[in-house]
Amino acid sequence: MMDLKNRLVSWEGALLVLLLGAWLVASASVEGFASTSNISFLLLDVSEIALMAIPLTLVVITGEIDLSIASTLGLTSAVIGKLWNAGLSIESIFVIALVVGAACGLVNGLLVTRLGLSSLAVTIGTLALYRGLAYITLGDQAVADFPSNYTGWSTGSIGPIPHPILLAAVLAALVGVILHATPLGRSVFALGYNEEAAYFAGIRVKRIKLGLFVASGMFASLAGIVYTLRYSSARADNGTGLELAVVAAVLLGGVSFFGGRGTLPGVLTGVLVFGVLRNALILADVSNEVLNFVTGLLLISSVLAPNLARFVRNSQFRRSSPPRMEGTLS
Amino acid sequence: MSLLPKITTIVLTGAMLAACGGTTKNDTKTETSASASSAAAAANPNAPLKEGLKIAFLPKQINNPYFTIADKGGSDAASAFKGVSKEVGPSDASASSQVSYINTLTQQKQDAIVISANDANAVVPALKTARAAGIKVVTYDSDSAPDGRDLFINQASPEDLGRTEVQVLAKQLGNKGKIAVLSATPNATNQNTWIDFMKDELKKPEYKDMQLVKVAYGNDDDQKSFTETQGLIKSYPDLKGIISPTTVGIAAAARYLSGSSSKGKVALTGLGTPNQMRKFVKDGTVKEFELWSPADLGYLAAYAAAALVSGQITGKEGEKFSAGKLGDKSVGKDGVVLLGPPTVFNAENIDKFNF
């Protein structure tokens with residue numbers, strides 16, 4: 001177990017070094033990067049990504065994926081706009097929005113756990129389905145006249161830390177404790193590492209997965225609420241393509257695409273690495289094409305690097321180390 | 001599964017409780033839009049243009065030929081008054097993608113931001129932050145909500161544009177037949193205003209035999225515009241004409257028509273650049289289309305920004321400023337500066353233009 005722990009520490013350690021390195025380089029070479037207001041912008045810009053990455057981390061650790069999150073965000077935004085126009089109070093709309101998100105997640109979860117379909121296929125389908133529903137709900141309108149105390153909250157901050165990021169941090173802490181310090185969290189790793197073994201060990205595999213999909217939907221709708229408020233614009237196309245950034249952050253954060261391995265602190269570091277790189281590159285007037293190129297490159301290298309590392313290690317220690325349970329922390 | 005019903009009950013109870021009180025749309029109607037920094041300083045029409053001004057152009061999307069030309073016009077103006085200009089922006093025209101760029105420009109302490117808003121409202125909070133930091137904001141091509149900017153440079157009166165496009169098409173069709181509109185994104189402020197005026201123009205008795213059957217959206221994406229055109233022709237086999245008030249849309253529509261059996265049977269007009277459309281005018285796919293000069297639009301926007309920063313104007317109605325080769329311009333109602341009437345391009349004059 002010891003070398004595994006080292007390895008996990010080293011992946012997140014490396015990521016942290018990357019984050020600090022990028023931060024230092026950007027502070028030194030990009031004018032305006034290190035200012036308090038820029039840090040605020042940077043954090044605010046990743047708030048939806050951070051919110052959606054929290055449950056997705058757990059989903060991916062169980063060996064599943066949820067690609068419908070950005071569409072759920074869009075659907076939530078469309079529903080918020082529609083209901084606001086219909087005259088409902090914003091507070092009740094928030095609650096309904098979360099129910100919509102939970103329902104989206106429930107559909108994904110039921111299709112995956114009860115019908116045994118591949119989550120990749122299911123959520124690619126619902127990616128299109130929920131976005132379509134969003135357009136059916138709100139059409140081509142944009143609803144913008146949300147109450148300023150809420151829109152103000154969503155762009156406001158305590159010190160340099162924007163409110164939405166504080167919200168994400170609190171939720172991340174909660175989920176982090178569940179994932180890394182409770183039997184439930186251990187079960188998540190176990191079923192990601194070997195679903196059958198987990199099942200025979202008495203872990204309620206389907207129920208946990210279903211719960212995670214519902215959580216993923218609810219967090220996505222929470223991200224939808226934040227997104228709608230901070231741009232004060234409810235539109236069906238809100239957050240289009242955002243799932244890529246979230247998946248990229250999760251993988252960069254050291255979560256194995258094949259399940260069983262990953263940590264929430266790693267993922268949050270991954271989110272920040274993305275935020276820092278994007279912000280610094282934009283601030284340095286790097287064109288958007290190059291930006292997309294860098295994002296793609298990071299995504300590929302974050303999938304490649306751990307595999308490469310494992311390949312090297314395996315070729316070194318093939319005979320000397322017994323098969324081990326990957327994914328647990330201790 | 002026992003948890004789910006419980007959660008649902010809690011959530012629904014919460015919803016009902018919340019529904020009893022709380023903030024609704026009607027409550028916000030009384031909220032006055034947070035009054036934007038009313039120009040405290042008085043305008044000094046004789047103030048010289050400052051040198052070394054940093055002006056950033058933030059188009060709807062980069063690598064869009066229209067904005068490339070407009071922003072080139074802006075940079076020409078900037079070099080004329082010894083300023084520094086640059087163009088930054090997102091590669092997709094979605095609602096919120098401009099916001100992080102506005103924040104960045106604020107961070108870079110530009111003197112002025114010249115922006116074409118993808119979403120009139122989504123950009124406003126960020127623009128307000130920029131203005132609070134002392135940056136002048138000029139919108140061009142597509143306006144933001146008025147409290148987000150100091151001035152809007154309007155390429156042409158929306159009414160002129162909407163009505164003349166119907167007139168140009170009606171002339172080609174003999175005032176008869178089904179027509180469609182191929183627009184940009186569903187929320188594009190200017191396109192929607194023009195389309196409203198087109199609809200109004202079509203209500204006139206002389207157009208009683210013309211019928212607008214559909215407004216399609218190509219999202220200012222070449223491929224999408226192309227397939228939307230294809231869809232229009234398929235869904236309405238007796239379609240006689242298309243108006244595409246966007247340069248991306250009209251070029252894609254012309255490309256589809258020129259390669260299809262509908263060439264010459266379905267008339268196409270709208271807003272395009274001469275270089276994009278030359279081929280299609282020469283091969284007979286398109287007879288006439290309109291456009292203002294995008295280079296002049298960018299040029300005027302840059303001068304307006306410089307005049308604001310230098311204190312020549314504050315954005316109040318009636319103020320005048322000099323816009324280099326375009327002569328004197330004045331600020332109209334609601335901080336709008338008008339560029340001038342559009343040019344109609346056809347086979348006879350198109351070779352005189354190169355943009």
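All values below come from the heavy atoms of this structure, side chains included, with hydrogens, waters and symmetry mates left out. The sequence lines fix the lettering, A, B, ..., with proteins before strands; numbering per chain opens at 1.
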How many angstroms lie between OG1 in T104(B) and CG in L283(A), if you round to the nearest 0.5 Å?
5.5 Å

Under 4.5 Å from any heavy atom of chain B - which part of R204(A):
neither

Contact class of T240(A) relative to chain B, heavy atoms under 4.5 angstrom:
neither

Contact between L88(A) and T24(B) at the side-chain level, heavy atoms closer than 4.5 Å - yes or no?
no

Should the heavy atoms of other residues, nucleotides or ligands under 6.0 Å from NZ of K54(B) be counted, would the total exceed 12?
yes

Nearest heavy-atom contact between Q141(A) and N187(B) is C-OD1, 3.5 Å

NZ (K109(B)) and OG (S35(A)) are apart, to the nearest 0.5 Å, by 6.0 Å

More than 12 heavy atoms of other residues, nucleotides or ligands under 6.0 Å from NZ of K214(B): is that the case?
no

If we define contacts as heavy-atom pairs under 4.5 Å, which of N121(B), V88(B), L105(B) has the most with chain A?
N121(B)

How about S233(A) and D119(B): does a side-chain donor come under 3.5 Å of a side-chain acceptor?
yes

Heavy-atom pair count under 4.5 Å with chain A, highest-scoring of P90(B), A120(B), A133(B)
P90(B)

side-chain contact (heavy atoms from CB on, under 4.5 Å) between S89(A) and T23(B), intermediate numbers included
CA-CA 5 Å; S89(A) 81; T23(B) 319; 5.7 Å; no

Could you check S232(A) against V124(B) for side-chain contact (heavy atoms from CB on, under 4.5 Å), going step by step and ending with a plain yes or no?
CA-CA 9 Å; S232(A) 51; V124(B) 171; over 6 Å; no

Which atoms of K86(B) are under 4.5 Å from chain A, going by heavy atoms: the side chain, the backbone, both sets, or neither?
side chain

Can you say whether N292(A) sits under 4.5 Å from chain B via the side chain, the backbone, both, or neither, judging by heavy atoms?
side chain

Counting C-beta onward and ignoring hydrogens, is there a side-chain heavy-atom pair between N279(A) and Q107(B) closer than 4.5 Å?
no

Under 4.5 Å from any heavy atom of chain A, what part of P125(B) do you find: side chain, backbone, both or neither?
side chain

Measuring heavy-atom distances to chain B, does F94(A) have an atom under 4.5 Å in its side chain, in its backbone, in both, or in neither?
neither

So what's closer than 4.5 Å to chain B heavy atoms on L291(A): side chain, backbone, both or neither?
side chain

From D45(A) CG over to N103(B) CG, what is the distance, rounded to the nearest 0.5 angstrom?
6.5 Å

Any side-chain heavy-atom pair of V99(B) and Y231(A) under 4.5 Å
yes

Under a 3.5 Å cutoff, is there a donor and acceptor pairing between the side chains of S91(B) and E289(A)?
no

Using heavy-atom distances under 4.5 Å, tell me whether N192(B) contacts chain A through its side chain, its backbone, both, or neither.
neither

Side chain, backbone, both or neither: which part of Y227(A) has a heavy atom under 4.5 Å from chain B?
side chain

